[in-house]
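One structure is given here, and the rest of the page talks about it.
All ligand and atom numbering here is 1-based and tracks the order in the structure. Model, not experiment: these values are computed from the prediction.
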Amino acid sequence: MPTKQFNPDGIDFKLFTPGPVESPDWILKELGKANDTHRSLAYREMHGSIRTNLQKLLSTKNEILIFANSGTGILEACVRNLLKDDETGLFFTCGAFGDRWASIAKLNGKKSDVVSVDWGKGISPELVKTTLSKKKYPVVFITFNETSTGILNPLDKIGPIIKESGALLCVDCVSGMGGTRLNVDEWGIDVALASVQKCFGIPPGIAICSISDRAFEKAKTVENRGFYFDFLKLKKKGESDEHPITPPIPQIRALKTVLERIIAEDPENFYKGHTERSQMIRDWAIENGFEIFSEEGYHSQTVVTITNNKNIDVAKFVNDMFESGYKIVNGYGKALKGKTFRMAPMGWITKEETQKMLDVATVVLKNL
Ligand SMILES: Cc1ncc(COP(=O)(O)O)c(C=O)c1O
């Protein structure tokens, strides 16, 4: 067990975790500001600003919805709103979060076909094409950036294939949105969803998505969509920049500010920062005799999963890093714990901070 503890007066270590990530002071300040109610002009202005700027960030004309829950809630919302009980959804999975989405469908009584690849491999356009040539599906579900394995799936190539099949496409972009470019309209994505505690660097509490008109039309035909996660209810209120329930206003204020900043500073620069920092981590891993778990050509730009081919004591390495001021994480779940570890340069962390962390990691590794 780590001896170092979280210090509520200000953390004295840096997070290189795949979410939640470190929130800089300028974001924390937004959370601490006084609130008006969620039925005020001040709220509507924030909500409206997020709708406009997220459309810009995602290159989409699709509607933007704000959810008062974490990303998993939207995974559930997608199956509840878009799959009828007598339909079968197609789930492509390459890791723990893809598997989770398929299991959420089952738990909601929905039918699913699951196509999995070995962990560490990506979902190739060829696999998507072959699968869709055998059977027609009403909805396809896929993970953009698989946080367990460090895989980034090529949605630019996969999306148009799925669109051509006539299926709706739902994409879990939880750990990719903001850190990696997403061209929602060009790639034919009907639902692109994310949490704010990853690349946006906001403390957890809300999730967001873009939704196409096609998806809203489909939702109208699906029964038992529930209340909290009903796309149509959220759309109706959202159109006047309101929310059907009481949302976490501080997180919404923080998201407004974060999006304004990313757009003012040019999103390409934000993506480039993620690309450079994740490359620094991969280079460090190779220099230190490790292998990268994700296959070549599919490396995530926001989280690096490193194979423990040197058979180090990963739990001790993670703990010693923590004692030295940096939080990295073990492999995800039973399958990858001890066999991999992960370093994630998401959000507002800088190249200089990443280099310092890697220098410390080199020393900690030597002393293991
Ligand atoms: C790819 C992916 N999908 C879904 C989730 C679940 O998101 P949340 O914890 O915001 O519900 C995570 C969380 O790490 C994730 O990385």
Could you list the donor-acceptor pairs under 3.5 angstrom formed by side chains in residues 160-171, with sequence neighbours left out?
residue: Ser165; atom: OG; partner: Ile162; partner atom: O; Å: 2.6
residue: Ser165; atom: OG; partner: Ala167; partner atom: N; Å: 3.3

Please produce the table of protein N or O atoms sitting under 3.5 Å from N or O atoms belonging to ligand 1, one pair a line, distance to 0.1 Å.
residue: ligand 1; atom: 3 (N); partner: Asp172; partner atom: OD1; Å: 3.3
residue: ligand 1; atom: 3 (N); partner: Asp172; partner atom: OD2; Å: 2.6
residue: ligand 1; atom: 10 (O); partner: Gly71; partner atom: N; Å: 2.9
residue: ligand 1; atom: 10 (O); partner: Ser195; partner atom: OG; Å: 2.6
residue: ligand 1; atom: 10 (O); partner: Gln197; partner atom: NE2; Å: 2.9
residue: ligand 1; atom: 11 (O); partner: Ser70; partner atom: OG; Å: 2.5
residue: ligand 1; atom: 11 (O); partner: Gly71; partner atom: N; Å: 3.3
residue: ligand 1; atom: 11 (O); partner: Thr72; partner atom: N; Å: 2.8
residue: ligand 1; atom: 11 (O); partner: Thr72; partner atom: OG1; Å: 2.5
residue: ligand 1; atom: 14 (O); partner: Lys198; partner atom: NZ; Å: 2.5
residue: ligand 1; atom: 16 (O); partner: Thr147; partner atom: OG1; Å: 2.4

Could you tell me which residues satisfy salt bridge (Lys or Arg N to Asp or Glu O under 4.0 Å) with Glu126, sequence neighbours excluded, listed by chain and number?
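By the salt bridge (Lys or Arg N to Asp or Glu O under 4.0 Å) rule, Glu126 matches no residue at all.
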Would you please name every residue forming a salt bridge (Lys or Arg N to Asp or Glu O under 4.0 Å) with Arg261, sequence neighbours left out?
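Checked Arg261 against salt bridge (Lys or Arg N to Asp or Glu O under 4.0 Å); matches are Glu265.
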So, Lys14 and Glu353, do they make that salt bridge, N to O below 4.0 Å?
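Looking at Glu353 together with Lys14, the answer is yes, because their closest N to O distance falls below 4.0 Å.
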Donor-acceptor contact present, side-chain Ser148 to main-chain Ala96, <3.5 Å
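Answer holds: yes.
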Member of Met343, Glu276, Arg277 meeting the side-chain contact (heavy atoms from CB on, under 4.5 Å) criterion with Thr354
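Going through Met343, Glu276, Arg277 one by one, the side-chain contact (heavy atoms from CB on, under 4.5 Å) with Thr354 is satisfied by Arg277 alone.
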